[in-house]
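Notes for the one structure printed next.
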Amino acid sequence: MRRPEWPALGRALARAALCLLPLAASGEDGYRLWLRYNRITDAPLRAADAAAVSEVVFATHGGKDSPTLAAARAELATGLGGMLGASVPVALEADRAAIPSAAGKEGYALSRAVRHGRPAVVIAARSDLGVLYGAFALLREVQMARPPAAWDAVSAPRIRRRILDHLDNLDGTVERGYAGSSLWKWFFLPYYLSPRYRDYARADASVGINGVVLNNVTADPLILTAPYLRKVAALADVFRPYGIRVYLSVRFSAPIEVGGLKTADPFDRTVAAWWRGKVDEIYRLIPDFGGFLVKANSEGQPGPQDYGRTHADGANLLADALAPHGGIVMWRAFVYAQGSPEDRVKQAYDQFKPLDGKFQSNVVLQIKNGPLDFQPREPFHPLFGAMPRTHLGLEVQITQEYLGGSVQLAFLAPMWKETLESDTFRPGPGSTVARVVDGSLDHHRLSVMAGVANIGSDRDWCGHPLAAANWYAFGRLAWDHELSSGEIAEEWTRQTFGNDPPGVRTSDAMLRASRAAVVDYSMPRGLHHIMAYDYHYGPGPWVHLGRADWTAVYYHRADAVGLGFDRTRTGSNALGQYAPELVRRWGNLATCPDKLLLWFHHVPWGYRLRSGRTLWDELCLHYQAGVDVVRGWQGAWASLAGSIAPDRFAHGQALLRRQEHDARQWRDACLLYFQTFSHRPLPAGVGRPAHSLAYYEAIHLHYVPGTPDGK
Ligand code: BDP
């Protein structure tokens, strides 16, 4: 290894960083997220093991310094300084031999070495960003108090573009955001750069997130004007050392609104020229700009169909402008038409499948995990098994629009894993959604996983003491979808609350059980879209007014016979959009998994499920089981009283109490409503409703956060 001159300087810098960067805030208010870096006192990382990090070596191709390596050094200085109470020197060396090929371009290898008779940790990577990721991995190991022997690892991301989509409006509100206002203070940009921007970038990079869409998919065209692009560039400058590229949502009709053209027709030459000019302007300001995200011809947004053109025509127009600069288009597949008699969950497939192979190579079709809209449980979107010649990206929702906002605890890794592990059976068994999305199935190089962010200006970023686990989980799964939900829950808990075994067990158990509990007390056994109108918080199975495909009765189809949406051949045949193996399995009441039953079938109230119980009894017991789990959390949380800072503890306690109240409300409202069709008694063990159905139907909440124009 060639040893350059600068370790002494590195040490000095590290010391300086230690003084300057004790993070923007100290204290246990949640601001530091999972990057707390408190002194580690737990076994098995005892004082003797701490000596295992007497030096850190960055082994790279070139051995040259950069802002990204400086960020890695600063993070190590803060992190190791905080956790081990020692200033650990960092050396930079050009050492290609130390970099295993499995680390790829963006990954890293962590190993231990003896240097000058003392134990050191080597972070080897082909890129500076890989070193930064390796530094965060080392900090994670130390913070979890794992013994040094467990640190050695080679890791590379499975998905190339790991992106947070912020549905942030330029006026500071956040659509479906429950954690305060937008992080981006547009009015003060580009002059004032809040320290939060850098802390946000650090948190993202620590879990491998490498892209951010700054603005809402329902896009304000203003974002493309010169003053706003300068603001965007200022944010991009803050994020760049952390390997985070900036992307923008664009409105398809922007050539009219900000370009002064008469049309936005993709086949119009002036329109194409306008986009080219606009994109050139962006790249002059932001040379590593990521590209565009587009919601077109969806929920009232303009798009190519306004001119009789296809989604591919629209996407390719933007792709052509971005291609010379290496930018991409993420074209959303979330489309359905007002007034269409077709089952809403079928419409995206019908529109996009015929376009397979018609998109430019820098277009990714971004598909929500399920065919409806981020419900607590959906089957995977059938498009994942239908377009092998198109890049297909996965979009999940980190913000809990349909799972209780930032009031309710719902750890979403199990839900995303459910989608990723689903087998599309196309072209054959083993063709999981994960393999479609990471590109390995169809040999695609471009891959995207996007998450609709749950981050806002709240001090703790996500508004619930446990909700940052979802931000964390999104990044970790986009990096490596083979990680289990349990591993991720444990990692997050240990870093966020410490390594005290009973505390870890309690928080872990709550996280792991939470999404299933929310499904149980809100929409069990394949029920979907039965939430309150517009603001989507709480039950509303009776909602029947307005646009049909925004009502609840459209989806649950309760009647005197039974419950559920027949999507088999005798019904809408949405099932026909899946592979024959799944049509056979899911199409038969006897083999359809219980958890998807009411998604695909209209099931008689008295039908006996695998448990031997009738549908009605089973439904009631699931609602009750969800309530019971949430009720159990009261005591579990109480047991953490000493291990969580008092304010956060009290915040969590209050939210869990409200969640129990809300869970009971879901149970009572839904069962009373469905009982008007089933005419069956509640089985033993199911709590009696506290109020009449009319009481629940009359509940209307005002100003629910995140609701566009909602009163
Ligand atoms: C729905 C939300 C709506 C979003 C839309 C989307 O209710 O606010 O704009 O998704 O993803 O779930 O486009």
Side-chain angles (χ1 to χ4, degrees), residues 163-171 173-179 182 213-220 223 247-252 292-303 311 314 330-338 344-345 347-348 351-352 364-378 381 383 393-406 410 412 415-416 419 448-454 456 470 474 522-523 528-538 540 543 546-547 549-552 554-555 701 703-711:
I163 301 177
L164 282 182
D165 291 357
H166 286 258
L167 301 199
D168 293 20
N169 298 312
L170 301 187
D171 66 2
T173 58
V174 182
E175 184 158 330
R176 310 309 177 185
Y178 311 99
S182 172
V213 180
L214 292 172
N215 59 323
N216 192 355
V217 287
T218 304
D220 186 332
I223 195 74
Y247 299 74
L248 292 176
S249 294
V250 296
R251 187 168 161 91
F252 198 76
F292 292 148
L293 173 66
V294 194
K295 172 174 178 171
N297 291 125
S298 160
E299 300 188 327
Q301 294 304 295
H311 282 288
M330 294 165 290
W331 192 267
R332 296 177 85 232
F334 178 66
V335 301
Y336 59 99
Q338 174 155 19
R344 175 171 150 189
V345 308
Q347 295 181 30
Q351 287 198 40
F352 282 100
V364 177
L365 188 64
Q366 186 164 305
I367 306 169
K368 291 188 180 186
N369 56 291
L372 184 52
D373 187 9
F374 299 138
Q375 297 301 292
R377 171 168 279 132
E378 298 189 31
H381 201 302
L383 275 174
L394 170 64
E395 179 180 312
V396 298
Q397 195 186 44
I398 310 171
T399 193
Q400 296 165 227
E401 177 179 358
Y402 301 97
L403 293 101
S406 61
L412 302 177
M415 171 157 126
W416 303 331
T419 303
V448 169
M449 183 160 161
V452 179
N454 64 342
N470 288 327
F474 167 76
S522 64
M523 307 188 206
H528 48 283
H529 208 292
I530 59 169
M531 66 285 161
Y533 194 71
D534 194 31
Y535 53 73
H536 299 169
Y537 189 92
V543 172
R547 182 174 165 168
D549 54 7
W550 286 357
T551 66
Y554 176 97
Y555 296 99
L701 306 177
Y703 302 114
V704 177
T707 312
D709 307 319
K711 294 207 181 140

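This structure is a prediction, so every number in the text was calculated from the model and none was measured. Both ligands and their constituent atoms are indexed starting at 1 by order of listing.
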State the atoms of ligand 1, each with its element, that fall below the 4.0 Å cut-off from a heavy-atom position in D373.
1 (C), 10 (O), 12 (O)
With a 4.5 Å heavy-atom cut-off, do I163 and M330 have their side chains touching?
yes
With T419 via side chain to side chain donor-acceptor pair (under 3.5 Å) - residues at least two apart
none
Relative to atom 2 (C) of ligand 1, which among K368, E401, E395 owns the nearest non-hydrogen atom?
E401
Would you check if there is a donor-acceptor pair between the side chains of Q351 and N297 at a distance under 3.5 Å?
no
Relative to the heavy atoms of R176, which atoms of ligand 1 are at a distance of less than 4.0 Å?
2 (C), 3 (C), 7 (O), 8 (O)
What's the shortest distance from atom 11 (O) of ligand 1 to any protein heavy atom, and which residue and atom give it?
R332 NH2, 2.6 Å
Numbering the atoms of ligand 1 from 1, which are under 4.0 Å from a heavy atom of K295?
4 (C), 5 (C), 6 (C), 9 (O), 13 (O)
Among I398, L403, N369, which one satisfies side chain to side chain contact (heavy atoms under 4.5 Å, CB included) with F374?
N369
Between E401 and Y178, do the side chains contain a donor N or O and an acceptor N or O under 3.5 Å apart?
no
In ligand 1, the atoms that come under 4.0 Å of a heavy atom of H536 are 7 (O)
Can you tell me which residue and heavy atom of the protein come closest to atom 8 (O) of ligand 1, and the distance to 0.1 Å?
E175 OE2, 2.4 Å
Assign the ring pair Y555 / H528 to parallel, tilted or perpendicular, where the plane angle (0 to 90°) is split at 30° and 60°.
perpendicular
With a 4.0 Å heavy-atom cut-off (strictly under), which part of Y402 contacts ligand 1: side chain, backbone, both or neither?
side chain
